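What follows is a set of notes on a single structure, which appears directly below.
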Amino acid sequence: MVEPVQQFDVISMGRIGVDLHPHRPGVPGPRHGSSGRFLGGPAADVAVTAARLGRSTAVITRTGADSFGAYLHQTLTESGVDNRWVTRTAASATPVAGAPDLEIHTDELDYFAIRAARIFWITGTGLSAEPSRSATLAALKCRDRAATTVLELDWRPAPGDDPARTDPDEPRPHYARAPRQAYAEARPQHAEALRHAYAEALRHATVAVGDLDACEIATGVRAPHACAEALLAAGVELAVVRRGAKGVLAVHRDGTTADVPSAPVAAADGAGDGFGGALCHGLLSGWELERTVRHALAAGTPLDGALR
């Protein structure tokens with residue numbers, strides 16, 4: 001007898017890691033020393049925030065077989081996130097300070113669970129190199145635009161990243177870390193290769209979320225409204241453009257628009273970004289677009305230590 005597939009409210013797939021933050025006087029911090037380690041990365045932020053809001057969540061990612069990896073497993077569990085698909089690999093160390101995870105393979109995915117999730121949230125970092133590029137596209141294709149499928153246009157170049165690299169055994173070139181846009185300008189062939197990967201991924205997504213840098217890499221335009229229109233033209237139903245201090249622009253294919261400004265909030269120590277998880281909560285709740293965006297934007301200010 002085949003066991004029924006557990007349906008999660010949210011499954012996120014992509015980059016997690018350990019964020020290292022100095023402890024500031026007057027801000028509750030780690031028990032020992034003047035600095036601490038914290039669960040970070042967009043896939044973790046989405047799952048943990050949604051779990052805090054009462055949703056059942058799980059993460060698909062990889063960690064190193066090291067103490068940082070053990071820390072992430074423990075912290076996810078303590079945060080109410082199912083970590084059955086967070087597996088250890090001896091191929092690399094656990095990502096620290098936002099380094100991308102690229103070790104997810106197509107044959108390791110639970111396609112039945114991915115298909116069943118009410119929201120599947122996947123980060124664009126996985127498109128930057130193999131084998132995770134193929135796994136990312138395979139996961140999106142298996143969804144077949146079912147329910148809500150979110151592509152976060154999250155790509156951060158790391159030493160050796162090459163979107164044109166297709167052979168996982170090919171040695172990675174060495175060059176210094178650079179901001180995303182400077183990297184794209186310095187290596188236009190890589191940015192173009194990634195743009196093609198984004199185009200394919202967007203055809204299988206219903207929602208696209210990204211900041212202006214990532215949206216520009218995905219669409220070739222930078223003005224917020226132009227980014228949103230380009231993402232809708234690429235196939236999604238809802239485009240969410242994060243504009244930093246200027247807030248968030250969200251445009252739905254039906255013409256509904258929410259343009260919500262940011263409110264200044266002091267950063268918390270070791271804080272993650274709760275925007276994605278709160279956006280998922282609003283979408284699952286069936287709220288109207290502006291309420292959903294306002295709720296997500298409020299949660300998108302630094303998390304108050306819940307990821308510790």
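All values below were derived from every heavy atom in this structure, side-chain atoms included, with hydrogens, water molecules and symmetry-related copies excluded. Throughout, numbering of the chain's residues begins at 1 and tracks the sequence. It should be emphasised that the depicted structure is a prediction, and the values quoted were computed from it without experimental measurement.
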Response to the item:
When every non-hydrogen atom of R55 is compared with those of D9, the smallest separation belongs to CA-OD2, 3.4 Å
Worksheet, complete the sentence: salt bridge (Lys or Arg N to Asp or Glu O under 4.0 Å) filter on K246, not counting sequence neighbours, yields none
Response to the item:
Heavy atoms of A138 and T106 approach each other most closely as CB-CG2, 4.1 Å
Item to complete: Start with the C-alpha gap between H196 and E192, add the side-chain angles, then the distance that decides, and say whether side-chain hydrogen bond (donor to acceptor under 3.5 Å, both in side chains) holds.
Response: CA-CA 6 Å; H196 284 302; E192 186 62 26; 3.2 Å; yes
Practice prompt. Would you confirm whether T77, through its side chain, and H73, through its main-chain N or O, come within 3.5 Å as a donor-acceptor pair?
Written response: yes
Practice prompt. Give, for atom CZ of R115 and atom CZ of R143, the distance between the pair rounded to the nearest 0.5 Å.
Written response: 7.5 Å
Worksheet item: Once you round to the nearest 0.5 Å, how far does CH2 of W121 lie from CG of L151?
Response: 9.5 Å
Worksheet item: Taking a hydrophobic cluster as the set of Ile, Leu, Val, Met, Phe, Trp and Tyr residues connected by side-chain heavy atoms closer than 4.5 Å, whether directly or through intermediates, do W85 and F120 fall within one such cluster?
Response: yes
Worksheet item: When hydrophobic residues are tied together by side-chain contacts of less than 4.5 Å, even through go-betweens, does V221 share a cluster with L249?
Response: no
Discussion item. Using the side chain to side chain contact (heavy atoms under 4.5 Å, CB included) definition, which of the options T63, V81, D82, T57 pairs with L76?
Written reply: V81
Worksheet entry | Among N83, I16, I11, side chain to side chain contact (heavy atoms under 4.5 Å, CB included) partner for V59 | I16
Fill in: D110: salt bridge (Lys or Arg N to Asp or Glu O under 4.0 Å) partners, not counting sequence neighbours
none
Discussion item. Taking G244's backbone N and O only, do any of them form a donor-acceptor pair with S262's side chain (distance below 3.5 Å, no angle check)?
Written reply: yes
Discussion item. Treating E130 as the side-chain partner and S134 as the backbone partner, does any N or O pair qualify as donor plus acceptor under 3.5 Å?
Written reply: yes
Worksheet item: Between T75 and L72, is there a donor-acceptor pair closer than 3.5 Å when you use the side chain of the first and the backbone of the second?
Response: no
Fill in: Closest non-hydrogen atom pair between A296 and A278, with its separation
CA-CB, 3.7 Å
Response to the item:
CG (D45) and CZ (R15) are apart, to the nearest 0.5 Å, by 9.0 Å
Practice prompt. Following the transitive rule for hydrophobic clusters with a side-chain heavy-atom cut-off under 4.5 Å over Ile, Leu, Val, Met, Phe, Trp and Tyr, establish whether V240 and L53 coincide in one cluster.
Written response: no
Worksheet item: Just by modelled atom types, is the A116 backbone N or O under 3.5 Å from a matching donor or acceptor in the Q7 side chain?
Response: yes
Item to complete: Compare every heavy atom of A117 with every heavy atom of A147, then report the nearest pair and how far apart it is.
Response: CB-O, 4.2 Å
Fill in: Criterion side-chain contact (heavy atoms from CB on, under 4.5 Å) on L283 and L238, from CA distance to verdict
CA-CA 11 Å; L283 293 172; L238 174 64; 4.3 Å; yes
Worksheet item: Are any side-chain N or O atoms of R145 and backbone N or O atoms of A205, one a donor and one an acceptor, separated by less than 3.5 Å?
Response: yes
Discussion item. Regarding K141 and E200, does a basic nitrogen lie under 4.0 Å from an acidic carboxylate oxygen?
Written reply: yes
Discussion item. Please find the pair of heavy atoms, one from T61 and one from G14, that lie closest to each other, and give the distance.
Written reply: OG1-O, 2.6 Å
Response to the item:
Test side chain to side chain contact (heavy atoms under 4.5 Å, CB included), reference T123, set P42, S12, S132, output is P42
Discussion item. Could you go through V236 and V207, starting from their C-alpha distance and side-chain angles, then the distance that decides it, and tell me whether this counts as side-chain contact (heavy atoms from CB on, under 4.5 Å)?
Written reply: CA-CA 5 Å; V236 302; V207 179; 5.8 Å; no
Worksheet item: Hey, are the side chains of V46 and V10 touching, using non-hydrogen atoms and a 4.5 Å cut-off?
Response: yes
Practice prompt. Report yes or no: do I122 and Y111 belong to one cluster of Ile/Leu/Val/Met/Phe/Trp/Tyr joined by side chain heavy-atom distances under 4.5 Å?
Written response: yes
Worksheet entry | Side-chain heavy atoms of V150 within contact of I119, under 4.5 Å | yes
Response to the item:
CG of L109 to CD1 of I114, rounded to nearest 0.5 Å, is 4.5 Å
Fill in: Gap between atom SG of C227 and atom CZ of R243 - 0.5 Å precision
11.0 Å
Discussion item. Give me the atom names and distance for the closest heavy-atom approach of E229 to V251.
Written reply: OE2-CG1, 4.2 Å
Worksheet, complete the sentence: Between the CG atom in D254 and the CG atom in L289, the distance rounded to the nearest 0.5 Å is 8.5 Å
Fill in: N-O pairing of R242 and D211 below 4.0 Å
no
